[in-house]
Amino acid sequence: MHIEIDQDVCIGAGQCALTAPNVFTQDDDGFSTLLPGKEDGGGDPLVREAARACPVHAITVEGPAG
């Protein structure tokens, strides 16, 4: 799985970090970022739900999980 966060679109709503806190966090400015080592989603089943929860659709998830 490949996860991409469009930093130009992200507004820092934090829905991704609330939905999948084992994969997403927020940086010092409040914008979404991936936790170190979780660039592939780490097998977390909530990654796609976190992408859907983003109010501005800044997160793209491609490929199979795992």
Side-chain angles (χ1 to χ4, degrees):
M1 162 182 313
H2 177 75
I3 304 167
E4 210 167 298
I5 303 168
D6 188 336
Q7 296 298 329
D8 293 330
V9 176
C10 180
I11 61 170
Q15 295 304 303
C16 58
L18 289 172
T19 304
N22 293 327
V23 177
F24 297 95
T25 190
Q26 289 177 283
D27 65 17
D28 291 339
D29 294 320
F31 296 105
S32 179
T33 188
L34 294 167
L35 289 168
K38 299 295 182 166
E39 294 81 5
D40 65 354
D44 192 316
L46 296 174
V47 170
R48 292 185 193 279
E49 183 60 34
R52 284 190 287 272
C54 179
V56 294
H57 309 290
I59 302 169
T60 303
V61 179
E62 296 178 347

Start with the C-alpha distance between Ile59 and Ile3, add both sets of side-chain angles, then the distance that settles side chain to side chain contact (heavy atoms under 4.5 Å, CB included), and finish with yes or no. CA-CA 7 Å; Ile59 302 169; Ile3 304 167; 4.0 Å; yes

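Here Val9 is tied into one hydrophobic group with Ile11, Val56, each link being a pair of ILVMFWY side chains closer than 4.5 Å.
For Glu49, the salt bridge (Lys or Arg N to Asp or Glu O under 4.0 Å) test picks out Arg52, with sequence neighbours left out. Looking at residues two or more places apart in sequence or on another chain, you find no side-chain contact (heavy atoms from CB on, under 4.5 Å) involving Asp28. Taking His2 as the reference, Glu4 meet the side-chain hydrogen bond (donor to acceptor under 3.5 Å, both in side chains) condition, with sequence neighbours excluded.
Shortest non-hydrogen contact noted between Met1 and Val47 is SD-CG1, 3.8 Å. The two residues Ser32 and Cys10 make their nearest non-hydrogen contact at N-SG, 3.4 Å.
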Tabulate below the donor-acceptor pairs under 3.5 Å that side-chain atoms of residues 17-26 make, not counting sequence neighbours, or state none.
{"from": "Thr19", "atom 1": "OG1", "to": "Gln15", "atom 2": "O", "distance (Å)": "2.8"}
{"from": "Gln26", "atom 1": "NE2", "to": "Gly12", "atom 2": "O", "distance (Å)": "3.2"}
{"from": "Gln26", "atom 1": "NE2", "to": "Gly30", "atom 2": "O", "distance (Å)": "2.7"}

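Note on Val61 and Leu34: same hydrophobic cluster, where clusters join Ile, Leu, Val, Met, Phe, Trp and Tyr whose side-chain heavy atoms are under 4.5 Å apart, directly or indirectly.
Within the 3.5 Å criterion, the main-chain N or O of Asp29 finds a donor-acceptor partner in the side chain of Asp27.
Here CZ of Phe31 is found 10.0 Å from CG of Asp8. Values are rounded to the nearest 0.5 Å.
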